[in-house]
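Notes follow once the structure below has been shown.
Lettering of chains follows the sequences in order, A, B, ..., and the numbering in each one begins at 1.
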Number of protein chains: 2
Amino acid sequence: MRLVIAQCSVDYAGRLSAHLPLATRLLMLKSDGSVLVHSDGGSYKPLNWMSPPCSLAISAPDELQVEAGITELWTVTHAKTADQLIVSIYEVQHDSAHELGIDPGLIKDGVEAHLQKLLAEHIHLLGDGHTLVRREYMTAIGPVDILARDASGGSVAVELKRRGDIDGVEQLTRYLELMNRDPHLAPVVGVFAAQQIKPQARMLAEDRGIRCLVLDYDAMRGLDDTASKLF
Amino acid sequence: MRLVIAQCSVDYAGRLSAHLPLATRLLMLKSDGSVLVHSDGGSYKPLNWMSPPCSLAISAPDELQVEAGITELWTVTHAKTADQLIVSIYEVQHDSAHELGIDPGLIKDGVEAHLQKLLAEHIHLLGDGHTLVRREYMTAIGPVDILARDASGGSVAVELKRRGDIDGVEQLTRYLELMNRDPHLAPVVGVFAAQQIKPQARMLAEDRGIRCLVLDYDAMRGLDDTASKLF
DNA sequence: GATTTCATCTCGCTC
DNA sequence: GAGCGAGGTGAAATC
């Protein structure tokens with residue numbers, strides 16, 4: 001990785017056109033050829049960038065550009081889309097290179113996947129006598145989070161969200177409509193499960209005969225801890 | 001902005017839990033207190049980060065941590081959510097600070113708004129004899145991107161997207177349904193215009209009698225250039 | 001201030 | 001490769 005602090009202006013031409021006026025910025029050149037232009041603030045998102053796979057060509061400025069104070073031109077070209085990022089370098093304040101090696105990567109825990117896993121493990125939370133068919137049950141229009149059967153053997157499709165919004169109800173409705181056309185599954189009832197369900201979403205769901213289930217993440221983790229301590 | 005290259009491990013606890021094993025990484029400390037952890041590859045997204053507003057506290061490791069090789073502990077705490085990012089520093093390879101000043105910011109051009117402006121200016125692209133009624137025509141459920149009339153005086157509602165997806169067709173369908181109930185407008189035909197229209201979206205649109213129009217952004221800008229040269 | 005929509009979204013997964 | 005859905009989504013515009 002090479003780190004350059006320099007006065008620069010930047011132009012991007014690709015899916016959109018964008019321009020950064022002259023200012024001092026951090027230019028990060030990663031070993032895969034990608035380039036990030038960061039300011040000293042804002043968010044984790046660079047002001048401008050080029051994603052890999054791409055290639056960097058450094059060229060000399062023409063006479064007019066030299067007069068304007070440009071010392072180097074960096075042209076970063078995307079290998080597939082031909083998007084271009086052109087960095088005009090003026091004064092360089094810092095320039096260093098570093099060997100980082102490959103990164104072992106991030107280990108995540110605690111998102112919707114974990115909620116799904118917990119609910120699948122404690123499927124009785126859906127109601128007495130419920131059994132798990134499978135997680136991520138595939139349909140033609142996408143995967144249903146959990147497919148289960150109730151005590152009487154009827155199909156139950158569960159849509160899981162961290163925050164239960166109206167979108168999630170629409171999503172589940174589409175799944176139910178499709179699944180109820182499948183004679184192997186029909187009739188399928190829906191359960192909309194989330195840590196928090198917004199009133200509008202609850203209204204819409206119940207109006208469509210979809211049951212709402214509020215999940216207590218910490219309590220579910222507690223069930224897991226209890227289980228792991230007992231067995 | 002402070003740039004540190006160091007061996008480190010990182011733990012994040014907030015909306016999810018995440019861990020980065022020991023490796024050499026770039027730590028970017030911005031002047032607003034935010035911290036970014038970057039590896040030498042991947043995308044513009046850091047491996048881990050803390051967004052502003054947040055505060056950084058540097059503390060000494062305890063005895064056990066010293067034995068493990070930790071020389072410093074950085075605790076970054078979000079001011080509002082109390083999310084925490086803990087960076088355990090081992091060996092430091094580089095450490096430098098730089099004055100960047102505030103950034104004038106990115107100037108964008110070429111998003112949906114520009115497409116809409118261009119199409120409104122060259123409304124004949126919809127077909128011979130078409131005239132513009134207005135952009136952002138308000139309805140009870142939101143604004144229709146462009147309302148026009150065809151050569152025979154019939155209403156034409158245009159939904160514009162950079163990428164024509166199934167969502168856009170659904171949106172236009174809702175508008176058409178509503179507008180066709182208005183005797184001043186009905187009958188209204190729909191045009192789904194985008195730089196690129198996905199096959200599924202095209203299928204759905206044409207199935208509903210909505211015409212699809214692929215827009216060439218560069219060519220449209222060319223029309224503009226020609227016009228500005230001529231007049 | 002809350003909400004909706006857009007994004008050079010990115011990222012991961014499945015078919 | 002295309003399609004779908006989640007994201008510590010973030011950021012901007014609108015209500």
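- One C1' atom belongs to dG7(D), the other to dA11(D), and the distance between them is 14 Å to the nearest Å.
- By the 5.5 Å and 30° criteria, Tyr12(B) is stacked with the base of dG8(D).
- Distance, Arg134(A) CZ to dT14(C) P: 9 Å, rounded to whole Å.
- Rounded to a whole Å, the NZ atom of Lys80(B) is 8 Å from the P atom of dG1(C).
- Residues Leu27(A) and Leu36(A) are not in side-chain contact: their nearest non-hydrogen atoms beyond the backbone lie 4.5 Å or more apart.
- Gln84(B) comes within 4.0 angstrom of nothing in the nucleic acid, heavy atoms only.
- For Ile58(A), the CD1 atom is densely surrounded, since the number of other residues' heavy atoms within 6.0 Å is greater than 12.
- Rounded to an integer number of Å, the gap from CH2 of Trp49(B) to P of dC11(C) is 10 Å.
- The residue among Gly14(A) and Gly42(B) whose nearest nucleotide of DNA chain C lies closer to the 5′ end is Gly14(A).
- Gln116(A) is not listed as a side-chain neighbour of Leu118(A), based on a closest heavy-atom distance of 4.5 Å or more.
- When the side-chain nitrogen and oxygen atoms of Lys161(A) are compared with OP1 and OP2 of dA6(D), one or more of them lie within a distance under 4.0 Å.
- In this structure the side chain of Val144(A) never reaches within 4.5 angstrom of the side chain of Glu159(A), judged on heavy atoms.
- Contact of the Val87(B) side chain with the Leu73(B) side chain is not registered, since no non-hydrogen atoms from C-beta on lie closer than 4.5 Å.
- Comparing atom distances between the Arg162(A) side chain and each of dG7(D), dT10(C), dG5(D) picks out dG7(D) as nearest.
- Summarising the geometry, the separation between CG on Leu47(A) and P on dA12(D) is reported as 11 Å, rounded to the nearest angstrom.
- Interatomic distance, Leu3(A) CG to Met28(B) CE, rounded to the nearest 0.5 Å: 8.0 Å.
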Pull out every protein N or O sitting under 3.5 Å from an N or O of nucleotides 13-15 of chain D, one pair per line with the distance.
none

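- A donor-acceptor pair is defined here as one N or O able to donate and one able to accept, closer than 3.5 Å; no such pair exists between the side chain of Arg149(A) and the backbone of Val133(A).
- Rounded to whole Å, the C1' atom of dA6(D) lies 15 Å from the corresponding atom of dA7(C).
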Trace of the side chain to side chain donor-acceptor pair (under 3.5 Å) decision for Arg25(B) with Ser39(B):
CA-CA 5 Å; Arg25(B) 304 188 175 93; Ser39(B) 65; over 6 Å; no

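- Residue Lys45(B) contributes atom NZ, which lies 13 Å from atom C1' of dA7(C) at whole-angstrom precision.
- Near DNA chain D, meaning a heavy atom under 4.0 Å away, the residues from residues 175-186 of chain A are Tyr175(A).
- Counting to the nearest Å, the P atom of dG7(D) and the CD atom of Gln116(A) are 11 Å from each other.
- Mapping Ala18(B) and Pro143(A) onto DNA chain D via the closest heavy atom, the residue that lands nearer the 5' end is Pro143(A).
- Mapping Asn48(A) and Asp165(A) onto DNA chain C via the closest heavy atom, the residue that lands nearer the 5' end is Asp165(A).
- For Glu136(A) and dT14(C), the CD to P distance is 8 Å, given to the nearest whole Å.
- Using a 4.5 Å cut-off on side-chain heavy atoms (C-beta onward), Ile86(A) and Val10(A) make no contact.
- Atom CG of Leu172(A) and atom P of dA6(D) are 12 Å apart (whole Å).
- Only the P atoms considered, dG5(D) is 22 Å distant from dT8(C), to the nearest whole Å.
- Contact of the Ser51(B) side chain with the Ser43(A) side chain is not registered, since no non-hydrogen atoms from C-beta on lie closer than 4.5 Å.
- Listed pair Lys108(A) / dG8(D) meets the phosphate criterion, a side-chain N or O lying under 4.0 Å from OP1 or OP2.
- Between Ser43(A) and dA11(D), a side-chain N or O to OP1/OP2 separation shorter than 4.0 Å is present.
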